Protein chains: 2
Amino acid sequence: MAKSSVSKLVPKVPPLPSVPGMSRRQQFSASTKKTLIEVAEKLFTEHGYASTSLDAIVAGAEVTKGALYHHFSGKQALYEVVFEKVEAATAQSIDAAMRETKDPWEQARAGLRTFLEAVQQPTYRRIVVQEGPSVLGYQRYREQEERSTFTVVEDIVAAVLRAGDRSVDDEMVATFARLFFGAMSAAGESVTEASDPEDAADRIELAVTYLLTGVRTLAEQGVRVEDMR
Amino acid sequence: MAKSSVSKLVPKVPPLPSVPGMSRRQQFSASTKKTLIEVAEKLFTEHGYASTSLDAIVAGAEVTKGALYHHFSGKQALYEVVFEKVEAATAQSIDAAMRETKDPWEQARAGLRTFLEAVQQPTYRRIVVQEGPSVLGYQRYREQEERSTFTVVEDIVAAVLRAGDRSVDDEMVATFARLFFGAMSAAGESVTEASDPEDAADRIELAVTYLLTGVRTLAEQGVRVEDMR
DNA sequence: TATTGAACATACCAAGGGTATGGCCAATAC
DNA sequence: GTATTGGCCATACCCTTGGTATGTTCAATA
């Protein structure tokens, strides 16, 4: 019964580059927390929230539930941390892509294209789009979303809209942003599930471009959103 | 301990209008199944899938788990039946609204408006939009969807697009339909959650009208989707 | 050196989905 | 009319799993 009861407080690979402001103990702690998050992200992506047991997560991280519940208040809280991490990464990548150019229309195209790419990533799809609203509840889902990716999309939409019609108010911008955000999220699923994803992505871009061109044309003709009433 | 062990095979209210083709036993059975579905729909809508226990469902239907597992293979199968029921009802209501008029553009507006209304119903929101993809898995979700509501939306989109540009193929129609479907689904959540839902719904309609007008304008100018390449 | 508390491990509990089994009675056969 | 069968459902039980309660270790501070 010499069951190897190793790994007490001795991670197999101690974080080598000693972080200045942290004690050894704090570094070990941060390491286990980080590992838990990473393993959870992987398993949640692969099997979904309900089908991923905490036992599987702690086994993957080579710790026990005691460690998990020390760092997180429960399964949902852990999921929320993973969710935020994925959201933040996505928002940042979109933001970076937009800074490549200065022209509003080109920024918009770059941003939307990057968003379309992001929304095809398995992790973002599963954790944010597919299971986010269900696991977090729509309220919290939306709160999180509005602190990262959605806001980026909203900025894009605002730039496009106001380039042609400076009279649209913030609420109207938010409305258009909601529509675009929903459209692109659905597009991501559609593209990924298609028999020829690349072809599907091209069609999405084509359709979005057509819609944007329509908006642009209306703007050039002096037709304002308010004129629709 | 005279615990009333009633309701063996004696429903409190036997289905009065004797259905011709069914025996009494079959009618009782159908009644039990129907009740289970109705109770499940109610509880799933109010508390969500995960937070609704089978015990709560069978208690609400005044039966036991034996009855439930006789009619359904499990919790998810029951959910799927509820899902189909909700989807069918929604598709039918949209379809009915569209038959009110004959003009393609008016049909489209009527259809989209009805869809926007449907997508605000608590049952459709919770069971189809919010938890559908998560509970059924995206694959099955999409299969179900394409057998009812999505197809109706697709027909609307096809009519609008081809009214201006007869050259768009089926795949392109499907692409636009995906975008619109996603946009409207997200819109439903947005509207319901808004402080002033009516006002929010008006803005959605305004935005959609603007986008459609853009499409219409392009079509009138002879600009085709393929020209975007 | 003593003490404290962060960072875990271990053992346990209760809820809930699913299963195995059996009983009852309407429908059918004879 | 009697016997038999199978659909319909109830009861009892199992097992996974999220969560909790308690114990243990050891680095950091006094």
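Keep in mind it's a predicted model, so treat the numbers as computed, not measured.
Contacts of B:Thr52 with the nucleic acid, taken as non-hydrogen atoms under 4.0 Å apart, involve only primed sugar atoms and P, OP1 or OP2. A:Ser51 comes within 4.0 angstrom of no nucleic acid atom, judged by non-hydrogen atoms across all strands.
Taking atom CZ of residue A:Phe72 and atom P of nucleotide D:dG18, one finds them 15 Å apart after rounding to whole Å. Rounding to whole angstrom units, NZ of residue A:Lys34 and C1' of C:dA7 are separated by 19 Å. What separates NE2 of A:His47 from P of D:dT17 is a distance of 12 Å, to the nearest Å. At whole-Å resolution of the value, CD in A:Gln76 and P in D:dT17 are 18 Å apart. Distance A:Glu62 CD to C:dA7 P: 20 Å, rounded to the nearest Å. With rounding to whole Å, B:Leu54 atom CG is found 14 Å from D:dA10 atom P. Rounded to an integer number of Å, the gap from NZ of B:Lys65 to C1' of C:dG22 is 17 Å. Between A:Lys33 atom NZ and C:dA6 atom P there is a gap of 14 Å when expressed in whole angstrom units.
The base of C:dG18 has none of its N or O atoms less than 3.5 Å from a complementary donor or acceptor on the side chain of B:Lys75.
The ring of B:Phe83 has its center no closer than 6.0 angstrom to the ring center of B:Phe44.
Here the shortest heavy-atom pairing between B:Leu78 and B:Leu68 reads CD2-CD1, 4.3 Å. Heavy atoms only, all atoms of each residue included: B:Gln120 and B:Ala201 are closest at NE2-CB, 4.3 Å.
Side-chain N/O atoms of B:Thr32 include one lying less than 4.0 angstrom from OP1 or OP2 on D:dC9. OP1 or OP2 of C:dC8 has at least one side-chain nitrogen or oxygen of A:His71 nearer than 4.0 Å. The phosphate of D:dA10 has neither OP1 nor OP2 within less than 4.0 Å of any side-chain N or O from B:His70.
Taking a cutoff of 4.0 Å between a charged side-chain nitrogen and a carboxylate oxygen, B:Glu38 and B:Lys42 do not qualify as a salt bridge.
Across the interface with DNA chain D, nearest-nucleotide mapping of A:Ser53 and B:Leu68 shows B:Leu68 to be the residue nearer the 5′ end.
If you check D:dT20, C:dG18, D:dC9 against the side chain of A:Tyr69, the one that comes closest is D:dT20.
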Intermediate values then yes/no, salt bridge (Lys or Arg N to Asp or Glu O under 4.0 Å), A:Arg142 and B:Glu189: CA-CA 10 Å; A:Arg142 182 160 169 177; B:Glu189 304 301 305; over 6 Å; no

